[in-house]
There are 2 protein chains.
Amino acid sequence: MISLTEENYLKALFNLANNAGEVNVNELSKQLDIKMPTVTSMMKKLAEKKLVHYESYKPLRLTEKGKKEAALVIRKHRLTEMFLVDKMGFGWEEVHDIAEQVEHVRSAVFFDKLDELLGFPKIDPHGAPIPDKNGKFAWIAYDKLSDCHAGETVKVSAVIHTSSEFLKFLNNREIRLGTKIKIKSVESFDGSMIVSYDNRPADTLTHTVCERLLVEKTK
Amino acid sequence: MISLTEENYLKALFNLANNAGEVNVNELSKQLDIKMPTVTSMMKKLAEKKLVHYESYKPLRLTEKGKKEAALVIRKHRLTEMFLVDKMGFGWEEVHDIAEQVEHVRSAVFFDKLDELLGFPKIDPHGAPIPDKNGKFAWIAYDKLSDCHAGETVKVSAVIHTSSEFLKFLNNREIRLGTKIKIKSVESFDGSMIVSYDNRPADTLTHTVCERLLVEKTK
DNA sequence: ACATTTTGTTAGATGAATCTAACATTGTAG
DNA sequence: CTACAATGTTAGATTCATCTAACAAAATGT
């Protein structure tokens, strides 16, 4: 049995993992707002349970079992977010905190029902993939808007950093999943972009914003 | 701040209270499946927080503050049950265990939204009243079916003991809220009733069943 | 390359919620 | 009315998740 606390550590480990699947104790400590010694001792416990590979002074890595369990928590989180937006009428900027709570509900039938009512969605309201019941992700290779070039037209497909502040900013600019953005020009010195979309006047998006928007190129 | 554990003690105290509002340590211990010494120490803690009146060897009583907090937990529980049945398609026998988990979600907007989507319901799927946001109950005075007499026709308005087994039994007999039951006769030696409803063949309901059905007399 | 900063670990304490064993009070049945 | 049963409390231990203080290792910068 995996406790609520352990679920939170697994989810954070999964979300923080770099290309090599590695996470530092310090990063994890900051992410969870829990002191490093506590993190170290929890990592030893999760290593006992075969959920994490742990060696002193080495970066942390989830085991295959750990990745699966993390994916199942993320599945519960994202199904909840999708339900809150699609079926309950919440805005995409409101659902993260509620889903953080609901994701710990222990009832397979409950999440199966959410899944069914939603028509077995593959992505959540922020464009992130929803793992299947075996913890498998259907990864889609999007580009960051910041890696695109002037003249291209792209479709917003997902947002990274789903903080309420950032999402409210996007609401104000009327940018949502599916919005088609035409890149007019890119400032080389700060990476900001002048863009237009939806018949709105041309607008500037800072590099920070462009890095957080994942897009698909349209032909 | 009231912890999840404390919420469970308050809810149990509220549900077990007799006419005088009193509960014994032993009953509470059995209800929660927690040993008596643990209950005693939690009662001292809740007394510190002014949620319970506690004196050694005396029955337990919720304070007004304790009653209100208990009612707010019960509100979250019953709104959740209503949503699970009305909006998600669960059977009334499935929702108790799920609601036990969801009731601990800390998000006022979430429960306000449930309330709104349900059209501010006054009763839950088992006919129990849903307290308002101030913890006030709109009590309705129903009769137990077991207190009714031969010849009367009554409408099922609520069920006590919402265990899944009992509710499945009612499902099998096609008894639900609103079912109109005609009492053909009552066996004086064991209190069982011969009844008919919905054009079904006459059927016997044991005293145990009749005690758990709350009804309104129809003219 | 060595001194300093950053990162990570060990040791020991704390608070919440639980337990068992032993003792105390209350209720009840001859 | 007394003895036994039922109920309730005290004392002390345990587990989980957290902390602080002190120490150790690794990374970094001049």
Side-chain angles (χ1 to χ4, degrees), chain A residues 1-18 20-62 66 69-70 73 100-101 103-104 106, chain B residues 1-18 20-62 66 69-70 73 100-101 103-104 106:
Chain A
M1 189 79 295
I2 296 176
S3 72
L4 181 150
T5 309
E6 289 165 349
E7 283 192 344
N8 284 332
Y9 279 91
L10 292 176
K11 189 163 54 106
L13 278 165
F14 193 99
N15 287 327
L16 291 174
N18 61 18
E22 294 179 341
V23 181
N24 298 322
V25 173
N26 194 31
E27 294 173 69
L28 187 52
S29 163
K30 281 172 181 151
Q31 170 77 16
L32 293 170
D33 195 21
I34 285 172
K35 297 287 178 289
M36 282 205 288
T38 309
V39 171
T40 297
S41 72
M42 181 57 83
M43 288 309 105
K44 289 178 178 175
K45 184 175 165 198
L46 294 181
E48 282 292 312
K49 292 190 171 190
K50 305 290 182 200
L51 293 163
V52 167
H53 293 295
Y54 175 76
E55 287 180 86
S56 284
Y57 299 106
K58 296 271 179 68
L60 307 166
R61 276 181 309 116
L62 286 170
E69 294 298 340
V73 179
E100 289 275 292
Q101 307 253 324
E103 73 191 5
H104 300 295
R106 287 175 196 289
Chain B
M1 190 76 302
I2 296 176
S3 71
L4 180 151
T5 309
E6 289 165 350
E7 282 191 345
N8 284 332
Y9 279 92
L10 292 175
K11 190 163 53 105
L13 278 164
F14 194 99
N15 287 328
L16 290 174
N18 61 20
E22 294 178 340
V23 181
N24 298 322
V25 174
N26 194 32
E27 294 172 69
L28 186 52
S29 163
K30 281 172 182 151
Q31 169 80 16
L32 294 170
D33 194 22
I34 284 173
K35 298 287 178 291
M36 282 204 289
T38 308
V39 171
T40 296
S41 70
M42 180 59 80
M43 289 309 104
K44 289 179 177 174
K45 184 176 166 197
L46 293 181
E48 281 293 312
K49 292 191 172 190
K50 306 289 183 202
L51 293 163
V52 166
H53 293 294
Y54 176 77
E55 288 180 86
S56 285
Y57 299 105
K58 297 272 179 66
L60 307 165
R61 275 179 312 115
L62 285 170
E69 294 297 340
V73 179
E100 289 274 293
Q101 308 252 323
E103 73 191 4
H104 300 296
R106 287 175 196 288

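Because the structure is a prediction, the values reported are computed rather than measured.
- If you take CG of A:Asn8 and P of D:dC16, they are 17 Å apart, rounded to a whole angstrom.
- The heavy-atom pair separating B:Ala70 from B:Leu62 by the smallest distance is CB-CD1, 4.3 Å.
- Counting to the nearest Å, the C1' atom of D:dT10 and the CE atom of B:Met43 are 17 Å from each other.
- Distance B:Ile2 CD1 to C:dA16 C1': 16 Å, rounded to the nearest Å.
- At whole-Å resolution of the value, CD in B:Glu27 and P in D:dA6 are 16 Å apart.
- Between B:Leu4 atom CG and C:dA16 atom P the separation is 15 Å, expressed in whole Å.
- The pair A:Glu100-A:Lys11 counts as a salt bridge, with a side-chain nitrogen and a carboxylate oxygen less than 4.0 angstrom apart.
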Dump every N/O contact between nucleotides 19-23 of chain D and the protein below 3.5 Å, one line per pair.
unit_1	atom_1	unit_2	atom_2	d
D:dC19	OP2	A:Lys35	N	3.0
D:dC19	OP2	A:Thr38	OG1	2.9

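- Taking side-chain N and O atoms only, A:Thr40 has a distance below 4.0 Å to OP1 or OP2 of C:dT9.
- Among the heavy atoms of the strands, none lies under 4.0 Å from A:Lys58.
- Spacing between atom NZ of A:Lys44 and atom C1' of C:dG8 amounts to 10 Å, rounded to whole angstrom units.
- Comparing D:dT9, C:dT10, C:dG8 by their closest approach to the side chain of A:Tyr57 singles out C:dG8.
- One can place CE of B:Met1 at 20 Å from P of C:dG15, the figure rounded to the nearest angstrom.
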Candidate pair B:Tyr9 and B:Ile34, rule side chain to side chain contact (heavy atoms under 4.5 Å, CB included), full reasoning: CA-CA 10 Å; B:Tyr9 279 92; B:Ile34 284 173; 3.5 Å; yes
Walk me through whether A:Leu32 and A:Thr38 qualify under side chain to side chain contact (heavy atoms under 4.5 Å, CB included). CA-CA 11 Å; A:Leu32 293 170; A:Thr38 309; over 6 Å; no
